[in-house]
Amino acid sequence: MGQSGTRARIQSAATVLFRRHGYAATGLKRIAAEADAPFGSIYHFFPGGKQQLAEDAIRTSGAEYGRMVLALLDSVSDPEESLVRAFEAAAGDLAAADYADACPIGTVALEVASSNDVLRVATAEVFEEWVGMATGWFGQWVDDPKAAQSLAYSLVMLLEGAFMLSRAARDPEPLRVAGRSMAALVRAASRPR
């Protein structure tokens with residue numbers, strides 16, 4: 001597997017642990033153990049230590065998650081049905097993960113917003129990318145670019161808030177409600193067909 005395999009295992013383990021437990025609760029020894037990698041290899045691949053590893057995990061998983069959500073939204077031609085299905089899929093995935101694996105960015109974003117500017121900037125930039133991608137997607141149905149951007153912000157906010165509520169209650173219903181709410185927002189803003 002070589003060095004690239006070790007680096008990938010470290011990156012993957014860190015992403016999962018940061019998503020599940022947050023930045024402060026995730027130690028480098030645990031990442032090394034989960035990755036089945038020597039502890040020193042973390043500093044070999046990430047000389048900046050935990051902060052560099054977390055920033056890399058945020059940016060990499062954020063981009064992957066954004067592409068995955070967009071592909072899911074593009075899988076159905078009707079925007080309302082697409083949104084309901086996407087949120088339903090998120091609800092199913094969260095329940096299947098026993099409410100441990102939600103958004104790869106949200107857990108860390110809340111934790112570092114006022115304590116670590118490097119990671120705060122990384123999470124803010126990922127959210128900005130998501131809003132940009134979603135703005136383009138909503139632009140297919142909404143003529144006004146500002147309205148499309150508002151829908152994009154609503155999508156991210158409803159998804160993040162619903163993940164938090166669903167995890168706390170251990171109930172997928174907040175995600176389902178958020179999907180129906182998002183569909184209603186699109187219906188209200190859509191251009192006539």
Please determine whether a side-chain nitrogen of the Lys or Arg among D101 and R20 lies less than 4.0 Å from a carboxylate oxygen of the Asp or Glu. yes
Answer yes when E173 and R176 have at least one side-chain N-carboxylate O distance shorter than 4.0 Å, and no when they do not. yes
Given L155 and W137, is the side chain to side chain contact (heavy atoms under 4.5 Å, CB included) satisfied, shown in steps? CA-CA 11 Å; L155 174 66; W137 187 80; 5.9 Å; no
Student check: side-chain heavy atoms of [X] and [Y] closer than 4.5 Å:
X: S61; Y: R19; result: no
X: D171; Y: S166; result: no
X: F138; Y: L83; result: yes
X: E34; Y: L17; result: yes
X: Y23; Y: K50; result: yes

Tell me the closest heavy-atom pair linking Q52 and G48, and the distance in Å. OE1-N, 2.6 Å
Hey, any chance L165 and M182 share a hydrophobic cluster, counting ILVMFWY side chains that come within less than 4.5 Å of each other, even indirectly? no
Under 4.5 Å between side-chain heavy atoms, counting indirect links through other Ile/Leu/Val/Met/Phe/Trp/Tyr residues: same cluster for F46 and L28 or not? yes
Does the side chain of R9 come under 3.5 Å of the side chain of S41 through a donor N or O and an acceptor N or O? no
With sequence neighbours left out, what residues match A32 under side chain to side chain contact (heavy atoms under 4.5 Å, CB included)? F39, I42
Where do R59 and E125 land on the side chain to side chain contact (heavy atoms under 4.5 Å, CB included) test, with the steps shown first? CA-CA 8 Å; R59 293 185 186 283; E125 288 175 356; 2.7 Å; yes
Using modelled atom types and a 3.5 Å cut-off, is there a donor and acceptor pairing between side-chain atoms of [X] and backbone atoms of [Y]?
X: W130; Y: V69; result: no
X: S154; Y: S150; result: yes
X: T123; Y: A109; result: no

Can you list the steps and then say if F163 with L175 is a side chain to side chain contact (heavy atoms under 4.5 Å, CB included)? CA-CA 7 Å; F163 272 137; L175 280 159; 3.9 Å; yes
Option among V118, T15, V121, V126 that satisfies the side chain to side chain contact (heavy atoms under 4.5 Å, CB included) test with I58: V126
Step by step, would you call T60 with Q11 a side chain to side chain contact (heavy atoms under 4.5 Å, CB included)? CA-CA 9 Å; T60 302; Q11 193 175 40; 3.4 Å; yes
